[in-house]
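Each chain gets a letter, A, B and so on, in the order the sequences are listed, and its residues count up from 1.
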There are 2 protein chains.
Amino acid sequence: MDVATQTALKPRKKPRQARSEATVEAIVQAVIQVLLSDGAPRLTTTRVAERAGVSVGTLYQYFPHKQALLYAALDRHLEGVAVALEAACAQARGRSASTIVEAIVDAYVAAKTADAAGARALYRVAAELGASELVKATGRRIRAAAEAALSSAADLRLENPRRAVATMLAAISGLVRTVFEEDGGAADWRAARAELTILCRGYLDASARDGPRAEAEPAAAIRGKSPARQIGPGDSP
Amino acid sequence: MDVATQTALKPRKKPRQARSEATVEAIVQAVIQVLLSDGAPRLTTTRVAERAGVSVGTLYQYFPHKQALLYAALDRHLEGVAVALEAACAQARGRSASTIVEAIVDAYVAAKTADAAGARALYRVAAELGASELVKATGRRIRAAAEAALSSAADLRLENPRRAVATMLAAISGLVRTVFEEDGGAADWRAARAELTILCRGYLDASARDGPRAEAEPAAAIRGKSPARQIGPGDSP
DNA sequence: ACCTGAACACCGTTCAAGT
DNA sequence: ACCTGAACACCGTTCAAGT
């Protein structure tokens with residue numbers, strides 16, 4: 001059911017002519033506008049169509065259902081975040097672990113705060129759609145980029161960089177989410193960035209120290225398993 | 001609008017007789033059952049009433065709207081988590097920072113995984129309700145408990161324990177959320193617990209080391225502000 | 001005090017008819 | 001190829017009438 005649902009979220013048909021391409025663009029823009037001006041509960045297919053200057057029928061020609069509209073808006077946002085993270089990671093390659101960590105944290109926070117209103121509105125949307133394939137896929141991209149960058153650090157050798165990156169990014173997203181939920185201002189974002197840098201650096205230090213030798217029973221139990229069983233990417237449901 | 005909305009989410013009237021008390025109980029149970037068996041999208045006021053063995057009218061006598069139903073179910077879950085965390089923190093008082101950290105992580109994960117199906121279903125519900133007062137209030141309780149415990153550690157003196165606790169708990173909830181989203185199994189939960197312990201210990205080490213001296217511009221800028229401007233509790237919207 | 005269920009307004013989705 | 005908008009099924013919420 002899950003994969004089928006996710007697939008169904010994609011646009012119903014590709015626009016073949018310039019006219020319909022503009023229509024789709026207008027609809028997606030309308031979704032974001034209605035989301036920001038009226039809020040998610042008031043986001044109605046009729047209202048979106050009205051704002052986009054088309055009829056409901058047209059809307060349903062390109063999107064199979066209301067969720068697909070939100071999905072499209074979420075897609076835009078996540079694409080932006082992923083691209084920003086990938087760029088930051090590529091640029092930080094080969095520098096010290098400390099620098100790389102800072103670059104990742106900064107890029108993540110910057111990407112989320114650049115379109116703060118949209119990001120906040122979409123946090124709810126993302127949850128309503130469930131932990132969609134889209135969110136997972138974006139997570140995978142970001143983790144891959146971060147792992148590549150961190151593995152390139154000259155002054156750090158992690159036993160399991162994949163897991164370390166998954167842990168760090170989950171922690172980062174947790175803090176970012178909290179600041180959003182608390183309606184944080186610029187000062188809160190600065191503080192979050194500073195704390196996240198300390199957090200990640202401390203974690204990497206500790207991992208490099210404690211990681212290699214099996215510390216307790218659970219860690220050892222997992223170490224024997226295949227990569228698929230890691231916290232990281234969702235290789236399987 | 002926010003506070004008013006949140007207030008309106010509470011039950012409409014207190015049950016005065018034993019009969020109605022049973023009715024409310026039946027309705028809340030029905031919400032959880034429908035949520036688990038039919039899923040959130042199929043959760044209908046009629047369906048809940050039917051499952052509870054009452055009419056829609058009765059349902060609306062105690063809950064002002066559908067969201068209030070979900071709110072009540074979420075309330076149950078969060079209450080359980082908060083109580084568990086408070087107990088764990090109280091019990092760990094006075095022990096080493098390392099032990100306390102472990103206790104907090106373990107209690108958090110245990111509370112969430114004890115009712116994994118319910119917790120997962122409610123993660124979405126919580127988002128649909130927005131970052132409700134309820135979620136924030138529970139966060140405040142947990143942070144307060146954790147701060148009290150950590151401040152009691154003999155081997156640790158943090159400059160800003162409130163912020164440190166807020167950071168740690170946000171990171172923890174981020175990792176927990178990720179494991180849920182990835183549909184993690186028992187091995188993933190064990191791995192998450194281990195990583196979280198390393199993460200938090202490393203963070204506290206680093207905080208105690210780097211914290212006291214102003215490291216960069218942003219940290220210093222915040223340090224001068226009032227406690228209300230911290231990442232932590234949402235003292236104001 | 002508590003409960004019922006038909007009635008109302010509104011929303012998501014479809015489809016026959018148009019250009 | 002693309003668009004329209006009346007029509008349908010269903011859902012949240014109310015309220016006059018019951019016990």
Nucleotide nearest A:Q61 (side chain, heavy atoms from C-beta), chosen from D:dC3, C:dC3, D:dT13: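 Ranking D:dC3, C:dC3, D:dT13 by closest atom to the A:Q61 side chain puts D:dC3 first.
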
Once you round to the nearest 0.5 Å, how far does [atom1] of [X] lie from [atom2] of [Y]?
X      : Y      : atom1 : atom2 : result
B:M168 : B:Y108 : CE    : OH    : 12.0 Å
B:K66  : B:Y60  : NZ    : OH    : 8.5 Å
B:S173 : B:K112 : OG    : NZ    : 8.5 Å

Neighbours of DNA chain C within residues 27-34 of chain A, by heavy-atom distance under 4.0 Å: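 Within residues 27-34 of chain A, no residue comes under 4.0 Å of DNA chain C.
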
Stem regions touching DNA chain C, defined by at least 3 consecutive Watson-Crick or wobble G-U pairs below 3.5 angstrom: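 Only these stems qualify: C:4-8 with D:12-16, C:12-16 with D:4-8.
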
Residues which pass side chain to side chain donor-acceptor pair (under 3.5 Å) with B:Q33, listed by chain and number, not counting sequence neighbours: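 Only B:R51 meet the side chain to side chain donor-acceptor pair (under 3.5 Å) criterion with B:Q33.
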
Qualifying residues under side chain to side chain donor-acceptor pair (under 3.5 Å), relative to A:R93, sequence neighbours excluded: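 Applying side chain to side chain donor-acceptor pair (under 3.5 Å) to A:R93 gives none.
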
Starting at atom [atom1] of [X], determine the distance to atom [atom2] of [N], rounded to an integer number of angstrom.
X     : N      : atom1 : atom2 : answer
B:E21 : C:dA1  : CD    : P     : 15 Å
A:L70 : C:dG12 : CG    : P     : 10 Å
B:H65 : D:dT13 : NE2   : P     : 7 Å
A:L69 : C:dT13 : CG    : P     : 9 Å
A:E50 : D:dT4  : CD    : P     : 12 Å
B:F63 : D:dG12 : CZ    : P     : 15 Å

Candidate pair B:R42 and B:V34, rule side-chain contact (heavy atoms from CB on, under 4.5 Å), full reasoning: CA-CA 8 Å; B:R42 288 220 164 77; B:V34 172; 5.9 Å; no

Residues forming a salt bridge (Lys or Arg N to Asp or Glu O under 4.0 Å) with B:E147, sequence neighbours excluded: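 Not a single residue meets the salt bridge (Lys or Arg N to Asp or Glu O under 4.0 Å) criterion with B:E147.
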
Just to confirm, is there a sub-4.0 Å distance from OP1 or OP2 of [N] to any side-chain nitrogen or oxygen of [X]?
X     : N     : result
B:T23 : C:dC2 : no
B:Y60 : C:dC3 : no
A:S55 : D:dG5 : no
B:T58 : C:dT4 : yes

Note, B:T45 side chain near B:F63 side chain (heavy atom, < 4.5 Å):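 Answer no - side chains too far apart.
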
Validation row: A:L43, A:L70 side chains within 4.5 angstrom (heavy atoms):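 The answer is yes, as the side chains (C-beta and beyond) meet within the 4.5 Å cut-off.
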
CA sep, side-chain torsions, deciding dist, call: A:V101, A:L196, side-chain contact (heavy atoms from CB on, under 4.5 Å): CA-CA 9 Å; A:V101 161; A:L196 279 172; over 6 Å; no

Using a heavy-atom cut-off of 4.0 Å across all strands, would you classify [X] as base, sugar-phosphate, or nothing?
X     : result
A:L59 : nothing
B:V56 : base
A:R47 : sugar-phosphate

A:L169 backbone acceptor or donor facing A:R143 side chain under 3.5 Å: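 Judged by distance alone, no pair lies under 3.5 Å.
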
For nucleotides 7-10 of chain C, tabulate all protein N/O to nucleotide N/O atom pairs closer than 3.5 Å, reporting atom names and distance.
none

Over 12 non-hydrogen atoms of neighbours within 6.0 angstrom of CD in A:E25: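 Buried by this count: over 12 neighbours within 6.0 Å.
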
